[in-house]
Amino acid sequence: MADKRDYYDVLGISKGASDDEIKKAYRKLAKQYHPDVNKAPDAEAKFKEINEAYEVLSDPQKKATYDQFGHAGMDGAGGFSGFDGFSGFSGMNMDDLGDIFSSFMGGMGGFSGFNFRGSSSRRSTSPIKGDNRYMSMDIDFLDAVHGVDKIVNITVDKKCPHCDGTGAQSKSDIETCPTCRGTGRVTRQSRTPFGVVQQQSVCPDCKGNGKRIKKICPYCNGEGYNNVKEQVEVSIPAGINSGQQIRVAGYGERGENGGPNGDLYIEIRVRPHKYFTREGNNIHISVPISSVDATIGTVVDVPTAYGDVELTIPAGTQPGQQLRLKGYGVKDLRSKNVGDQYVEVRVEIPKKLSREEKELYEKLANRKKENVFEKFKKSFK
């Protein structure tokens, strides 16, 4: 193990390299040192070293083990088995091999009749669902609490109702492509010093879908779809929070070969409220009361997301104290449970007093034998 080079150094990459960077580095070096191309005495040894490094670094599990334990962690981990024919490419798929060999074989993609671009890369002719689309929507705080219906203007590719997405005027106008016999790909063979090689490519006549249309649909000009603008009503459930998504089925990207559209996902962003804040399914609000009301107690109508609610402020309430209104929070999306509203009492001291108020405060102060500060001072003696 001590004589082995660091795998990252072998490929000439940093430890923070992405999967694409690892693959790109491997392809470059594999083309450079393949023994069938490079006749240098050490080419085969370097090629084996390059493949061994790639086999580990291209596998997330092996890479994690190597990053933690180095070469010692590769013992018994099913690592590189040595170069024997094409076994050194165990970490590569057929597309990668085709790209490597095509670079030094005049664009050919296989050896001795073997097709490196086989069924794994063949374009499917069966219906394929389209990709999903994503957008965001801003809503008000109270709409998030109660739920709301919104109209969304969407431009979407919809399957042509006349041809059902085939692009043909009628079913009889669809035939199997005679060039590729419905496979969607054509093969070309050539003889080279390495033997018979072949290369596959997308059929130029049917563009890879395996079908040919004699008469196109006049309603979609043979596209199989129409680009339309629609207004879609989206129901946003009560209790939704920022970052959560609404799924609108069938309004994503169009499918292939007559496949259905993907879906539209709308991420909700809730605008902040001037007074209410949300924590989980609970709502918080801060309300001001006078020092007198905090001292002797009072009853106030507190705003909630559902209207004003009567709340009793008990005598002796302290600044910052929280009182609970049960069931006046937010409905949980996954259950029928509803959170609470917490009311924080903010005691406000008046900066200006009328003459009458000042006299009343002075009378109250004179009646007390000992004020609060004097009690505090005595505790230090």
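Along the sequence shown, residues carry numbers from 1. Side-chain atoms are counted along with the backbone in the values below, which use heavy atoms only and exclude waters and symmetry mates.
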*Asks:* Treating Asp140 as the side-chain partner and Leu142 as the backbone partner, does any N or O pair qualify as donor plus acceptor under 3.5 Å?
*Replies:* no
*Asks:* Classify the angle between the aromatic ring planes of Tyr265 and Tyr134 as parallel (below 30°), tilted (30 to 60°) or perpendicular (above 60°).
*Replies:* parallel
*Asks:* Decide if atom CG of Asp19 counts as having more than 12 heavy atoms of other residues, nucleotides or ligands within a radius under 6.0 Å.
*Replies:* no
*Asks:* Hey, quick one: are Ile349 and Ile313 part of the same hydrophobic cluster, counting side-chain heavy atoms closer than 4.5 Å, chains of contacts allowed?
*Replies:* yes
*Asks:* Out of curiosity, Glu233 CD to Asp149 CG, how far, rounded to the nearest 0.5 Å?
*Replies:* 4.5 Å
*Asks:* With no hydrogens and no angle check, is any side-chain donor or acceptor of Gln169 less than 3.5 Å from a backbone partner on Ile213?
*Replies:* no
*Asks:* Can you check whether Tyr328's main-chain N or O pairs, donor with acceptor, with Asp340's side chain at less than 3.5 Å?
*Replies:* no
*Asks:* Kindly indicate whether the side chain of Val152, heavy atoms from C-beta on, has any atom under 4.5 Å from the side chain of Met135.
*Replies:* yes
*Asks:* Quick check for you: to the nearest 0.5 Å, what is the distance between Arg185 atom CZ and Cys177 atom SG?
*Replies:* 13.0 Å
*Asks:* Kindly give the heavy-atom pair with the smallest separation between Pro161 and Asn226, and that separation in Å.
*Replies:* CD-ND2, 4.1 Å
*Asks:* Near Glu356 CD, under 6.0 Å, is it more than 12 heavy atoms from other residues, nucleotides or ligands?
*Replies:* no
*Asks:* So if you build clusters from Ile, Leu, Val, Met, Phe, Trp, Tyr with side-chain heavy-atom gaps below 4.5 Å, do Tyr275 and Ile139 land together?
*Replies:* yes
*Asks:* For the residue pair Val156 and Tyr225, establish whether any side-chain heavy-atom pair is separated by less than 4.5 Å.
*Replies:* no
*Asks:* For the side chain to side chain contact (heavy atoms under 4.5 Å, CB included) test, which of Val302, Val287, Thr312, Val345 pairs with Leu323?
*Replies:* Val345
*Asks:* Could you check whether any side-chain heavy atom of Met137 comes within less than 4.5 Å of a side-chain heavy atom of Ile246, counting everything from C-beta outward?
*Replies:* no
*Asks:* At what distance, to the nearest 0.5 angstrom, does CG of Leu353 lie from CZ of Arg355?
*Replies:* 13.0 Å
*Asks:* For the hydrophobic clusters of this structure (ILVMFWY residues joined by side-chain heavy atoms under 4.5 Å, transitively), does one cluster hold both Tyr33 and Val56?
*Replies:* yes
*Asks:* Of all the heavy-atom pairs spanning Val270 and Ala144, show the shortest one and how long it is.
*Replies:* CG2-CB, 3.8 Å
*Asks:* For the residue pair His284 and Tyr342, does the interplanar ring angle fall in the parallel (under 30°), tilted (30 to 60°) or perpendicular (over 60°) class?
*Replies:* parallel
*Asks:* Flag the pair Arg254 / Lys159 as yes when at least one side-chain heavy-atom distance between them is below 4.5 Å, and no otherwise.
*Replies:* no
*Asks:* Nearest 0.5 Å, what's the CZ-CD distance between Arg5 and Glu52?
*Replies:* 11.5 Å
*Asks:* Output yes when Asp263 and Lys129 qualify as a salt bridge under the 4.0 Å nitrogen-oxygen rule, no when they do not.
*Replies:* yes
*Asks:* Any luck finding a side-chain donor-acceptor pair between Tyr251 and Glu230 under 3.5 Å?
*Replies:* yes
*Asks:* Which heavy-atom pair separates Asn261 from Gly255 by the least distance, and what is that distance?
*Replies:* OD1-N, 3.9 Å
*Asks:* Would you say the side-chain atoms of Asn51 pair up with the backbone N or O of Lys48, donor to acceptor, closer than 3.5 Å?
*Replies:* no
*Asks:* Taking atom NZ of Lys28 as the centre, does the number of heavy atoms from other residues, nucleotides or ligands within less than 6.0 Å exceed 12?
*Replies:* no
*Asks:* Side-chain donor-acceptor pair under 3.5 Å between Asp67 and Tyr7, yes or no?
*Replies:* no
*Asks:* Between Tyr66 and Asp6, is a side-chain contact (heavy atoms from CB on, under 4.5 Å) present by the stated rule, with each step listed?
*Replies:* CA-CA 10 Å; Tyr66 178 74; Asp6 181 83; 3.0 Å; yes
*Asks:* Got Leu333 and Gln244 here, is their nearest side-chain heavy-atom distance under 4.5 Å?
*Replies:* yes
*Asks:* Is there a path of hydrophobic side-chain contacts, each under 4.5 Å between heavy atoms of I, L, V, M, F, W or Y residues, that connects Leu311 with Phe276?
*Replies:* yes
*Asks:* Indicate yes or no for a side-chain donor-acceptor contact from Arg278 to the backbone of Gly280 under 3.5 Å, with no hydrogens or angles considered.
*Replies:* yes
*Asks:* Flag the pair Val202 / Cys180 as yes when at least one side-chain heavy-atom distance between them is below 4.5 Å, and no otherwise.
*Replies:* no
*Asks:* With a 3.5 Å cut-off and no angle check, do the side chains of Asp332 and Asn281 form a donor-acceptor pair?
*Replies:* yes
*Asks:* Do Cys220 and His162 come within less than 4.5 Å of each other through their side chains, counting heavy atoms only?
*Replies:* no
*Asks:* Looking at every heavy atom in both Ala168 and Asp173, which two are closest together, and how far apart are they?
*Replies:* CB-CB, 4.1 Å
*Asks:* Got a donor-acceptor contact below 3.5 angstrom from the Thr65 side chain to the Gln61 backbone?
*Replies:* yes
*Asks:* Over 60° means perpendicular and under 30° means parallel, so classify the ring planes of Phe47 and His34, tilted if in between.
*Replies:* perpendicular
*Asks:* Would a distance-only check, ignoring hydrogens and angles, find a side-chain to backbone donor-acceptor pair under 3.5 Å from His146 to Ala305?
*Replies:* yes
*Asks:* For the backbone of Gly316 and the side chain of Gln318, can you confirm whether one donor and one acceptor N or O come within less than 3.5 Å of each other?
*Replies:* yes
*Asks:* With the threshold set at 4.0 Å, does a side-chain nitrogen-carboxylate oxygen contact exist between Arg346 and Glu344?
*Replies:* no
*Asks:* Counting neighbours of NZ on Lys214 that are heavy atoms of other residues, nucleotides or ligands and sit closer than 6.0 Å, is the number greater than 12?
*Replies:* yes
*Asks:* Which pair of heavy atoms, one from Lys211 and one from Cys206, lies closest together, and at what distance?
*Replies:* O-CB, 3.2 Å
*Asks:* Check the surroundings of atom CZ in Arg271: do more than 12 heavy atoms from other residues, nucleotides or ligands lie under 6.0 Å from it?
*Replies:* yes
*Asks:* Just wondering, are more than 12 heavy atoms of other shown residues or ligands nearer than 6.0 Å to CD in Glu362?
*Replies:* yes
*Asks:* Is there side-chain contact between Asn241 and Ile268, with at least one heavy-atom pair below 4.5 Å?
*Replies:* no
*Asks:* State whether the side chain of Ser136 and the backbone N or O of Glu267 hold a donor-acceptor pair below 3.5 Å, judged by distance alone.
*Replies:* no
*Asks:* Look at the side chain of Asn221 and the backbone N and O of Glu223, then say whether any donor-acceptor pair between them is shorter than 3.5 Å.
*Replies:* no
*Asks:* Kindly work out whether a path of hydrophobic side-chain contacts (I/L/V/M/F/W/Y, heavy atoms less than 4.5 Å apart) joins Val228 to Val232.
*Replies:* yes
*Asks:* Determine, stepwise, if the pair Ile266 / Lys150 fulfils side-chain contact (heavy atoms from CB on, under 4.5 Å).
*Replies:* CA-CA 11 Å; Ile266 304 176; Lys150 292 284 187 179; over 6 Å; no
*Asks:* Which heavy-atom pair separates Tyr219 from Cys160 by the least distance, and what is that distance?
*Replies:* CB-SG, 4.1 Å
